[in-house]
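When a ligand or atom number is given, it counts from 1 through the structure's own listing order. Heavy-atom basis, side chains included; hydrogens, waters and symmetry copies ignored.
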Amino acid sequence: MMLTNLKVPTEQVSFLQAVRQGLGQQQGLFFPTSWPKLNIDALLALPLVERSTKILSALIGDELTEAEVAQMVSAAFTFAAPLVPVTAQTFCLELFHGPTLAFKDFGGRFMAQALAKAQGGRKTTIVTATSGDTGAAVAHAFYQQPGVEVVILYPKGKISLLQEKLFTTLGQNITTLAVDGDFDQCQALVKQVFDQQELVKTYNINSANSINISRLFAQICYYFEAIAQLPAEQRSEAVIAVPSGNFGNLTAGLIAKALGLPIKRMVAATNLNDTVPRYWQSGQWQPNKTIATLSNAMDVSAPNNWPRVEALLAQGVVSRTDIEAVKVDEDDTQLGMRLLAQEGYLSEPHAAVAYKALKRSLQPGEVGIFLGTAHPAKFKEQVENILGTPIALPAALAKCAAEQSYSRDIPADFATLEQVLRQLDNR
Ligand SMILES: *Cc1c(COP(=O)(O)O)cnc(C)c1O
């Protein structure tokens, strides 16, 4: 299947080309203009890996054989996404059982597989900036992958110690740089790399960032997994609430709906960074300054996947009433965590935002699903403060928390970063 640049429609690329390139001309996002026909009932009867292979193979088309896609999916989706009952009317789809305990493992690990195919054995260097969860997912996904060097920049002292330990303790082909600056400076350094044509060409540098189409496609699969776990008679009543930042996750859910998956409605839940809820009401797109909140992975005021939502609306495969946009403030986020705790369910701020938004939206007779995007232990301090009870670290987190970090401190300065990149080639 060909993908079209949403800004420059004359630019059409194959799936693997889009994976290699990330963004198109004028920073345009790649997106399909038509969708395959799927046999939904047959798909829902399959286990996760087989079903996801069929979905991804249909989306990718002839460029990869179904056997190749099957091998990629089984290497990427090595953990479950259980639908856990929380109240009589609501379930949590737990997406945090991967190696870095956040849903970004699904997209990150499939992207690593897709990029390996797209590079066809050429040596590649991934350079990416992270404010927390993405860096860990990318690092683990590419760890020990032959021919791939990964360089991750993060703002020194500005991410949680546990988040940091999850990717700085790997070593080998994962180089982590603690930048003396904030996240915006890290991102600016990465952008500078891509302005250096010679450097990008010589070292075959790719950013593997969150707008890569392979990540989005991978995320469609767990919406099918959610519906497959519902009793058949409830499937037509499912309302799904997504804790949203860059809106990749929500876009994937809308695509699942466009492909025919029975989802009655999607609830886009945001924290105080409410550009989308305001836009939905007023029709005015007016991003404010980003506000720091408890659900920090959703602190995004200009969501970079939004043009893809607009494209789905323009294609007519999703309608305005399929999406409800709900803002949840900080008090309500804490209340959500407490309400969930009263139900015997331990959660964290991101899931709590979705839960509260869902509660506001849900009508009698409907079944609500909110996405659990991170393991509560990843936000140990906040969770303990809000709920007043100590929580244990899962084994994987406890293990890396005790390990030594290999990070190297660098100033927020391009010359130093360039030197690091050039030296990687000599090892
Ligand atoms: C990245 C992230 C989100 C936001 O997902 P988007 O696809 O950017 O909307 C929500 N929760 C957690 C824990 C995340 O890491």
Among all protein non-hydrogen atoms, which one is nearest to [atom], and what is the separation to 0.1 Å?
atom: atom 13 (C) of ligand 1; value: T373 OG1, 3.4 Å
atom: atom 8 (O) of ligand 1; value: N246 N, 2.8 Å
atom: atom 5 (O) of ligand 1; value: F103 CZ, 3.4 Å

T90: which of L358, V239, I369, V367 passes side chain to side chain contact (heavy atoms under 4.5 Å, CB included): L358
Any donor-acceptor N or O pair under 3.5 Å, side chains T290, S301: yes
Check the side chains of N212 and R215 for a donor-acceptor pair under 3.5 angstrom, ignoring hydrogens and angles. no
Per-atom contacts of ligand 1 with [X], taking only distances under 4.0 Å to non-hydrogen atoms:
X: F247; result: 6 (P), 8 (O), 9 (O)
X: N249; result: 7 (O)
X: A374; result: 13 (C)
X: S244; result: 9 (O)
X: K104; result: 1 (C), 2 (C), 3 (C), 14 (C), 15 (O)
X: G248; result: 6 (P), 7 (O), 9 (O)

In terms of heavy-atom contacts, does NZ of K359 have more than 12 from other residues, nucleotides or ligands at under 6.0 Å? no
Crowding at NZ, K156 (>12 non-hydrogen neighbours, <6.0 Å): no
Does the gap between the ring centers of F96 and F103 come in under 6.0 Å? no
Quick check: does any side chain N or O of S361 sit under 3.5 Å from a backbone N or O of A357, one acting as donor and the other as acceptor? no
Per-residue contact class, M298 against ligand 1 - non-hydrogen pairs under 4.0 Å: side chain
Which bit of D133 is near ligand 1, meaning a heavy atom under 4.0 Å away: side chain, backbone, both or neither? side chain
Can you name the closest pair of heavy atoms from I263 and A256 and give their distance? CD1-CB, 4.5 Å
P243: heavy atom below 4.0 Å from ligand 1, yes or no? yes
